[in-house]
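All chains are named by letter (A, B, ...) in the order of the sequence lines, taking the proteins before the strands, and each is independently numbered beginning at 1.
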Number of protein chains: 2
Amino acid sequence: MSSKRALTDRESALPALAEAFREHGFEGATLAALSKATGLGKGSLYNFFPGGKEEMMEAVLENVDGWFVNTIFLPLEHVVDPAAAITAMFDDVTAYFRSGRRVCIVGSLGLNSAGEAFSVRVKEYFVRWISALAHCLEVGGAPPALALDLSEEAVSGIQGAIVLARALGDDTSFQRIVRRLQSTLLDAISRSG
Amino acid sequence: MSSKRALTDRESALPALAEAFREHGFEGATLAALSKATGLGKGSLYNFFPGGKEEMMEAVLENVDGWFVNTIFLPLEHVVDPAAAITAMFDDVTAYFRSGRRVCIVGSLGLNSAGEAFSVRVKEYFVRWISALAHCLEVGGAPPALALDLSEEAVSGIQGAIVLARALGDDTSFQRIVRRLQSTLLDAISRSG
DNA sequence: GTCTATAGATCGATAGAC
DNA sequence: GTCTATCGATCTATAGAC
């Protein structure tokens, strides 16, 4: 699969960078930690990301956003079977966030002032997720106003489930909360679709 | 109300410290920022908190916990009118978190590794909130298992609403989500109480 | 393109004048 | 008890050898 042309190793460092940012936060992720996480020296990191930590985080966010667009948003936006799409979304999200052990890097950025530099991207991520899910519910027959309310509740609820699961150190709370959210959404489309 | 005895000014610095920790996070809240927020020099801060930042955060958490115990947990634990208690809880919480503009310092601590030093207190906060709310719902006639599930959902949902409102820069999303949570709880007790 | 060495700034924390 | 001055450590970022 590897081509001879271009595509430096910058891309392959992103998952490790993302994990370090998730675990330590933007301010807490020192270059020493990022170097250790990627196995690259500081010199190599600055070779790939001349803009330093901020450029690293930008690249990580773009990478994460790409995953969500392809795996979560697009399937919802081009849905043909709403119930199946919703079930798939919760399965994918549960796996992605490791049942809440893994922090949502986008959500956590919005919580403190260090993330203000990325506020546009943070906002767009949630806006698109909510509207994509609302569209899916509408296709399933839910009234537009209800679809938007329930989508907001579900996306918000997933973020809360991550916070709670991390605080309690308990995956099962994440799974219970997410399962209830899923049931609420499926009810809304089976009731009207 | 001010007594001549003891009670240094340590206590009065806590609200400003709390706001600085909320806005910048634990790592992001530098001593310069904490000094500016409180109006105290570093020397004074270390006079009140010999243990430095960690002791400041401990004191802030104890202070926050005290507020929640008195205002939120105890009324739920000694409830006589469940519906009124639930309504009061959501009113108080909405005001406290400024409709989601204000970060929950306890929840945010659980999200990254810097908060591990406070993990016991973080966990106990959420455990007590959930169990206090569940007790209230049981008094209202909800079956114990349902009461626990709904309490978990509500406490988690409030955290998610903060994350979403901050990300979107939109108070109204917090209010919509919290209103739905409140309705769900009130339904559960009116249905069975 | 990788590393080590290091600059310059800022960090948490301390010392000491008042 | 308050401040200013300053310590050593650590931070981000750069320079330069290989």
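Between the NE2 atom of B:His24 and the C1' atom of C:dT10 there is a distance of 15 Å, rounded to whole Å. We find that CG of B:Leu17 is positioned 13 Å from P of C:dG12, with the value rounded to whole Å. When rounded to the nearest whole Å, the span between NZ of A:Lys53 and P of D:dC11 equals 9 Å. Between B:Glu55 atom CD and C:dA13 atom P there is a gap of 11 Å when expressed in whole angstrom units. If you measure from atom CG of A:Asn47 to atom P of D:dT14, you get 13 Å, rounded to the nearest angstrom. Rounded to whole Å, atom C1' of C:dG12 lies 9 Å from atom CE of B:Met56. Put simply, CG on A:Leu40 is 17 Å from C1' on D:dT12, counting in whole angstrom units. Look at CG on B:Leu34: it is 13 Å from C1' on C:dA13, rounded to the nearest Å.
Between C:dT2 and A:Ser44, a contact under 4.0 Å exists linking OP1 or OP2 to a side-chain N or O.
Using a 4.5 Å heavy-atom threshold, the side chains of A:Trp129 and A:Val106 count as separate.
Out of C:dG12, C:dG1, D:dT12, the shortest distance to the side chain of B:Leu31 is found at C:dG12. The side chain of B:Tyr46 has C:dA13 as its nearest neighbour among D:dA13, C:dA13, D:dT2. Side-chain proximity of B:Lys42 to the nucleotides C:dT2, D:dT12, C:dT14 is greatest for C:dT14.
Mapping A:Gly43 and A:Thr30 onto DNA chain D by nearest heavy atom places A:Thr30 closer to the 5' end of the strand.
A salt bridge links B:Glu58 with B:Arg121; the closest basic N to acidic carboxylate O contact falls under 4.0 Å. The pair A:Arg22-A:Glu19 meets the salt-bridge criterion, since a charged nitrogen lies less than 4.0 angstrom from a carboxylate oxygen.
Checked against the 6.0 Å centroid criterion, the rings of A:Phe174 and A:Phe97 do not qualify as a close aromatic pair.
Residue B:Ala33 is classed as having no contact, given no heavy-atom separation below 4.0 Å to the nucleic acid.
Taking all atoms of both residues into account, the shortest heavy-atom contact from A:Ala154 to A:Leu185 is CB-CD1, 4.0 Å.
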